[in-house]
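Note: hydrogens, waters and symmetry copies are ignored here, and every other heavy atom, side chains too, is used.
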Amino acid sequence: MPQFFSNKRLILLLVGMIFLVALISFSLRDRNHASLPEQVIKDVVGFGQSIFSKPTQYITGVFDNVESLLNTYDENKRLKVRLEDYVALQASVNDLRLENDELRKIVDKEEDLRAYNPIQATVIARNPDQWEEKIIIDKGEIHGIEVNMAVMTAQGLIGKVTLTTPYTSTVELLSTQNPNYRVSAVIAEGKEVFGLIEGYDEKRKELILKRIDSEYEVKKGQKVTTSGLGGIFPKGILIGEVTEVTTDDYGLTKLAYVKPAASFSILDHVIVSKRTITNVDGTDGGNTDADLTEGAGDGS
């Protein structure tokens with residue numbers, strides 16, 4: 001009798017194992033629908049997971065909200081500091097502007113080489129054959145645009161107006177290959193050093209600043225701006241940054257390569273500067289020395 005019960009247990013164990021193996025093999029087959037036991041087990045497990053996952057997600061969300069609140073607090077502190085700096089800078093600018101106006105009244109000087117009225121414009125066309133030389137903008141004569149007005153972007157100077165129609169204007173870029181295109185420029189860091197932007201190096205993608213007096217020292221990294229002496233471009237518009245300084249072909253003056261501040265390849269929105277001071281047509285206030293003027297060879 002005990003032997004029979006022992007064999008019975010063994011038989012039940014073997015049957016259970018066979019049933020388990022069969023169930024596993026059945027569940028591993030590719031099927032479109034789960035069996036009833038699988039459905040029951042999945043539903044029970046899924047219900048249990050949902051019970052535990054919701055509180056977990058809630059707690060995690062609380063910690064995320066706290067972390068986000070702390071980050072917002074830190075960012076708010078940084079923004080307050082920057083706002084205070086901006087307010088202080090704005091106050092300083094206002095003081096300087098008032099002081100400048102007072103000094104002008106004292107010396108009875110109304111004209112300023114830096115002053116101009118900006119006219120916003122959009123680039124509407126560009127000839128593939130002259131991609132690096134000319135663009136067409138959507139402002140023309142009826143908007144106050146005139147030939148020889150300087151054109152810039154938020155980064156710096158890009159060129160000047162060479163042709164106008166009632167509703168459009170053609171702008172010749174500084175990267176043009178026109179040998180007569182000149183811009184009177186200055187390096188105002190320290191002692192002012194004057195020169196002329198004459199030419200564009202296609203390989204280097206840089207402007208060439210020529211006719212720099214050999215007595216003056218020009219360093220890499222110095223900023224180059226318009227001088228305002230040529231009668232076309234207002235003073236102080238950023239042109240670019242010096243990348244290399246060398247001597248000219250004759251060794252009498254220096255020349256510098258200038259990396260343009262503005263990109264000539266990507267141009268969407270531009271600013272046309274209408275000078276408040278009367279433009280001088282090619283003689284720069286009666287000075288006929290072409291080394292100091294743009295008008296004699298500005299492409300006009």
Of V171, I119, L174, which meets side-chain contact (heavy atoms from CB on, under 4.5 Å) against V151? V171
Just checking, K160 and Y181: is the charged tip under 6.0 Å from the six-membered ring centre and within 45° of the axis? yes
Give a yes or no on whether the backbone of A262 and the side-chain of T153 come within a donor-acceptor separation of less than 3.5 Å. no
Output yes when a side-chain donor or acceptor of T168 lies under 3.5 Å from a complementary backbone atom of I137, and no otherwise. no
Is any side-chain heavy atom of I145 less than 4.5 Å from a side-chain heavy atom of V161? yes
Would you call E198 and R182 a salt bridge, taking side-chain N to carboxylate O under 4.0 Å as the test? yes
Between the OG1 atom in T253 and the CD1 atom in I212, the distance rounded to the nearest 0.5 Å is 8.0 Å
Tell me the closest heavy-atom pair linking I237 and G156, and the distance in Å. CG2-C, 4.5 Å
Find the distance between OG1 (T246) and CG (L255) and round it off to the nearest 0.5 Å. 5.5 Å
To the nearest 0.5 Å, what is the distance between OG on S184 and NZ on K235? 10.5 Å
Quick one: does V242's side chain get under 4.5 Å of I187's, heavy atoms only? yes
Close side-chain approach of I208 and V258, heavy atoms under 4.5 Å: no
Atom pair CD/CD1 of Q155 and I239 - distance to nearest 0.5 Å: 15.0 Å
If every non-hydrogen atom of G140 is compared with every non-hydrogen atom of S169, which pair is closest and at what distance? CA-OG, 3.6 Å
Please tell me whether E141 and T165 have a donor and an acceptor in their side chains that are separated by less than 3.5 angstrom. no
As an exercise, state the distance from CG of L173 to CG of L157, rounded to the nearest 0.5 Å. 10.0 Å
Inter-residue atom distance T122.OG1 - L267.CG, 0.5 Å rounding: 11.5 Å
Would you call E146 and K274 a salt bridge, taking side-chain N to carboxylate O under 4.0 Å as the test? no
Taking every heavy atom of K205 against every heavy atom of Y200, the minimum-distance pair comes out as CA-OH, 3.2 Å
